[in-house]
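Please read the structure below before turning to the comments.
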Amino acid sequence: MKIRRNVRAVLLDGDRLVFLRRGWPGGPFYYETVGGGVEPDDADLGAALRREVMEEIGATIGPVTEFLTVTDPGERVTVVQHYFLADVLNMDLGRRNGPEMHDPDIGNFSPIRVALEASAVAALDLQPTELTDYLRDHVSSWRARQDATPSNDPYLNDPYL
């Protein structure tokens, strides 16, 4: 049986999480994590993830930590989804360069930021349920981590703003 590996990113951007909003003109939209298939040229899963994040949202990310693996056995192909947590270092939508950018059959997609709160994540109805469950159980600890990390942005630390 053939195995296809995908890498998916749950991205922390300050006190927000970054996901993709996907859809087709005139049709419904849905939310998903940034990521895609591992290609033969990728040195490892981390390299594949960094490539996908740059292609889809034009971002560079810090160190990655795999937190969940979900296997979906199919009749012909077993899909293994590797989920990682990473911080966004910078994002510039002008750097997006994936094949999705030029294929109208894939639909449109754009990054969105949501509050680093369980209720905000639950409202997105992310799939698979294992991911939703994990995020619900861990988002508060990520929030505590973000709250404890001082920002280098002087405007975010200014008590008068």
Side-chain angles (χ1 to χ4, degrees), residues 5-39 45-70 72 79 81-153 155-157 161:
R5 295 191 181 279
N6 291 339
V7 291
R8 312 295 308 172
V10 173
L11 299 169
L12 292 166
D13 191 8
D15 64 349
R16 303 272 182 192
L17 290 165
V18 179
F19 295 101
L20 287 177
R21 181 178 189 258
R22 302 214 41 186
W24 287 262
F29 61 88
Y30 61 96
Y31 299 95
E32 70 177 2
T33 53
V34 174
V38 176
E39 296 180 0
L45 296 176
L49 186 69
R50 291 177 192 288
R51 176 185 50 75
E52 286 289 340
V53 170
M54 179 58 71
E55 285 180 2
E56 292 187 358
I57 65 171
T60 57
I61 55 176
V64 301
T65 303
E66 187 170 1
F67 65 87
L68 178 67
T69 302
V70 177
D72 183 18
V79 178
Q81 301 268 11
H82 299 271
Y83 289 90
F84 294 84
L85 180 67
D87 289 300
V88 172
L89 300 178
N90 60 64
M91 182 168 38
D92 177 353
L93 296 181
R95 295 188 304 205
R96 298 192 306 175
N97 61 5
E100 303 90 350
M101 301 303 298
H102 309 290
D103 186 349
D105 291 334
I106 293 178
N108 55 39
F109 60 97
S110 57
I112 60 150
R113 290 179 176 92
V114 300
L116 190 53
E117 298 171 1
S119 61
V121 172
L124 298 179
D125 191 30
L126 294 166
Q127 297 297 319
T129 56
E130 295 93 337
L131 174 63
T132 301
D133 293 345
Y134 188 93
L135 294 178
R136 183 194 62 239
D137 294 344
H138 291 85
V139 73
S140 62
S141 66
W142 297 340
R143 176 69 187 217
R145 183 185 97 174
Q146 294 302 100
D147 289 345
T149 304
S151 171
N152 292 329
D153 185 337
Y155 295 105
L156 293 178
N157 292 322
L161 293 178

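By convention here, the first residue in the shown sequence is residue 1. Reckoned from all heavy atoms, side chains included, excluding hydrogens, waters and symmetry mates.
- Atom CG of L124 is separated from atom OG1 of T132 by 8.5 Å, given to the nearest 0.5 angstrom.
- Counting only residues at least two apart or in different chains, salt bridge (charged side-chain N to carboxylate O under 4.0 Å, His left out) contacts with residues 27-37 comprise R8-E32, R22-E32.
- Every residue meeting the side chain to side chain donor-acceptor pair (under 3.5 Å) condition with N90, not counting sequence neighbours, appears here in chain and number order: T60, R95.
- How far CG of L17 is from CG of L11: 8.5 Å, rounded to the nearest 0.5 Å.
- The side-chain contact (heavy atoms from CB on, under 4.5 Å) test applied to A48 returns V7, V38, D42, R51, not counting sequence neighbours.
- Note that CG of L135 and OG of S140 are 11.5 Å apart. Values are rounded to the nearest 0.5 Å.
- The side-chain contact (heavy atoms from CB on, under 4.5 Å) search around A123 returns none, not counting sequence neighbours.
- Every residue meeting the side-chain contact (heavy atoms from CB on, under 4.5 Å) condition with F29, not counting sequence neighbours, appears here in chain and number order: R21, Y31.
- Atom CD1 of residue I57 and atom CE of residue M91 lie 5.0 Å apart, to the nearest 0.5 angstrom.
- F84 CZ to L45 CG: the interatomic distance, rounded to the nearest 0.5 Å, is 5.0 Å.
- Below 30°, between 30° and 60°, or above 60°: for F67 and Y83 the angle between ring planes is between 30° and 60°, a tilted geometry.
- Not counting sequence neighbours, T65 has no partner by the side chain to side chain donor-acceptor pair (under 3.5 Å) test.
- Taking each heavy atom of G62 and A86 in turn, the nearest pair found is O-CB, 4.3 Å.
- Residues in residues 108-134 take part in these salt bridge (charged side-chain N to carboxylate O under 4.0 Å, His left out) pairs, two or more places apart or across chains: D13-R113, D133-R136.
- Of the inter-residue distances, the one linking L93 atom CG with E56 atom CD reads 12.0 Å to the nearest 0.5 angstrom.
- The main-chain N or O of I61 is found under 3.5 Å from a side-chain atom of R50 such that the two form a donor-acceptor pair.
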